Protein chains: 2
Amino acid sequence: MWQPVGQRGNLSDRIVAQVELLLREERLKVGDRLPPEREMAQLLGVSRPSLREAIRALQAQGRLVVKHGQGVFVCEPPSQKDLRAALHRAEVDLHDLFAMREVLEVPAARWAAEKISDDALAELRSTLEELDAAFDEEAPDFERLANLDAAFHLGIARAAGNHFLQQTTNVLHDILLSGMETTLLIPGRREKSRREHLRILAGLTERDPALAARAARAHVRSARRAAFARMAEEQKRAASSLLDEQ
Amino acid sequence: MWQPVGQRGNLSDRIVAQVELLLREERLKVGDRLPPEREMAQLLGVSRPSLREAIRALQAQGRLVVKHGQGVFVCEPPSQKDLRAALHRAEVDLHDLFAMREVLEVPAARWAAEKISDDALAELRSTLEELDAAFDEEAPDFERLANLDAAFHLGIARAAGNHFLQQTTNVLHDILLSGMETTLLIPGRREKSRREHLRILAGLTERDPALAARAARAHVRSARRAAFARMAEEQKRAASSLLDEQ
DNA sequence: GAGTGGTAAGAGGTTAGACCACTAGACTCG
DNA sequence: CGAGTCTAGTGGTCTAACCTCTTACCACTC
């Protein structure tokens, strides 16, 4: 399992690659403890500082967690979030993200309403239907829901016919997804979001730029309110659980 | 700048935090080289391995890039890199770029007017003075003019306080520069552009968001008109020279 | 028997100093 | 003037030691 690493490239990069391989092959599973640093360094045929650099890099990527006096452990993939500590920093960025959504998606809806094709319109409609169907499944797949929601907005950006706008919207939604900051699973949010989406779609169908733009603005603002409300809720819960522990 | 780090937590984590702070405050800018590891370790009052672990972590996050034999450098935030990579593949035309300038720079001016600091305001003013001086030189350097013009608009995006807006504006102006699509050298354009810049600056100075936003919109539209007028002109000239050759 | 405290083993944390490998630019030679 | 060489400075790696924290165990006390 812990063969000496190969030849090319930075030593610690090679170590990182090897550990990532073991993670992919699930020979290292979540919760496993790695060998002690000294021992692992010997197994890999490297020095301890080099191994530690590799561990640092994997820690920064959220693949490993290091516990002083205990060992190095494989932790959950970052998709399953529990990083309560990062909430504060996330909030700062979230303001920026939603502000940018409004900046980008309102003109996108306006331009799309002027020039969207019937095909693209049909595609948007079917995306919304898929989203609706995905909600009604027994075990709604969070990632699928988030992707379908993003697909709807990206479809509008594409229909707007501005490549720069489209790519920027792409990156923005990537960041939103990776931050798992979607509001879809908030209780009561589903119906609201659904109505808002339909209003945007109506604006596009009517080829009414002003209507589409208004609907897009309303949607982004509503999503933002929901996101911040949930965040405040989570922080309150985190604070009270801290008190309970005392 | 490189004060010894504080007390709590892992040493290399504290170093990471300090470097991140310098990056946020833009005391370290994209492309900057960090001090040599040995020197930097001494400045921070830590050992070289500890510093190297911190550098590894920041490298894994994509904030630093290490070049053997050269040094450690600050690189673009990942989201900006993604956007640039995506746009490299897609072809973007001038219509798209100017449309996006309006989308981005109008809100930028509005937000900047609400929160710009006196320092940032002074910097913008001096950028405009430099731009004016550069015009009056015997042999105006086109690249310098374009960079100063971009610096003014990027300064506004920075003052708007939204990182994503700032990064997107960065990429946008890079593309404009690389396409040599600046309107500054068009006859009669200098004075007009100067007046428009001053109107934006006035809006910021008055802390009047609506005024700043209107001035920014007017400026982008005027620049767009100038660019397309010149382009039409050039095409006409090209066509007539083609006729002449026959 | 339950609770308390000390102790030691083993984990990560940090340091020092040395040497290797790569890069760029200055220098020298043809 | 060009091409090869040299050198200074950079990151890359290693060794070996010591520090600090966590845990488990065990003797001690009540």
Side-chain angles (χ1 to χ4, degrees), chain A residues 1-20 22-23 28-75 85 245, chain B residues 1-19 22-23 28 30-75:
Chain A
M1 180 155 175
W2 297 106
Q3 308 164 15
V5 293
Q7 287 298 326
R8 283 178 289 276
N10 283 29
L11 191 46
S12 43
D13 285 345
R14 280 179 272 152
I15 301 171
V16 168
Q18 180 152 348
V19 174
E20 281 176 339
L22 292 172
L23 288 168
L28 282 178
K29 288 187 280 289
V30 170
D32 283 357
R33 204 192 78 176
L34 271 55
E37 291 183 352
R38 290 167 183 79
E39 188 183 332
M40 189 167 162
Q42 204 173 355
L43 289 168
L44 292 167
V46 303
S47 73
R48 213 179 136 206
S50 300
L51 171 60
R52 282 179 58 84
E53 286 183 17
I55 292 175
R56 273 285 155 181
L58 287 160
Q59 190 187 18
Q61 292 172 27
R63 312 294 302 265
L64 297 179
V65 57
V66 179
K67 297 183 183 175
H68 191 168
Q70 301 180 58
V72 181
F73 300 84
V74 178
C75 64
E245 282 170 14
Chain B
M1 181 158 176
W2 297 107
Q3 303 165 9
V5 292
Q7 288 298 328
R8 279 181 291 277
N10 285 28
L11 192 45
S12 44
D13 285 345
R14 281 178 270 152
I15 301 172
V16 167
Q18 181 151 348
V19 174
L22 292 173
L23 288 169
L28 283 176
V30 171
D32 283 357
R33 205 193 78 178
L34 271 55
E37 291 184 353
R38 293 164 182 79
E39 189 184 330
M40 190 167 161
Q42 202 175 355
L43 289 167
L44 292 167
V46 303
S47 71
R48 212 178 138 206
S50 301
L51 171 60
R52 281 180 58 85
E53 286 182 18
I55 291 175
R56 274 280 158 192
L58 288 160
Q59 190 187 19
Q61 293 172 26
R63 307 300 306 267
L64 296 180
V65 56
V66 179
K67 297 182 183 175
H68 192 168
Q70 299 181 58
V72 180
F73 300 84
V74 179
C75 62

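Everything numeric here is computed off the predicted structure, so don't read it as measured data. First the proteins, then the strands, lettered A, B, ... as listed; each starts at 1.
- When all heavy atoms are compared, the tightest approach of B/Glu37 to B/Leu51 is O-CD2, 3.3 Å.
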Next on the checklist: I'd like to know whether A/Leu28 forms a side chain to side chain contact (heavy atoms under 4.5 Å, CB included) with A/Leu34, so could you lay out the CA-CA distance, the side-chain angles of the two residues, the decisive distance to 0.1 Å, and finally the verdict.
Outcome noted: CA-CA 8 Å; A/Leu28 282 178; A/Leu34 271 55; 4.2 Å; yes

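- Residues that satisfy the side-chain contact (heavy atoms from CB on, under 4.5 Å) test with A/Gln59, not counting sequence neighbours, are A/Arg56, A/Val66.
- Atom pair B/Leu64:CG and D/dG12:P shows a separation of 12 Å (rounding to whole Å applied).
- Between B/Asp13 atom CG and D/dT20 atom P the separation is 18 Å, expressed in whole Å.
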Item to check | Reading 5' to 3' through nucleotides 5-16 of chain C, protein heavy-atom contacts under 4.0 Å coded B for base, S for sugar-phosphate only, - for none | outcome: -----BBBBBB-

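- Considering all non-hydrogen atoms of both residues, A/Gln70 and A/Arg33 come closest at O-NH1, 3.4 Å.
- Between the P atom of D/dG11 and the CZ atom of B/Phe73 lies a distance of 8 Å, rounded to the nearest Å.
- Between B/Gly62 and B/Cys75, the closest heavy-atom pair is O-SG, 3.1 Å.
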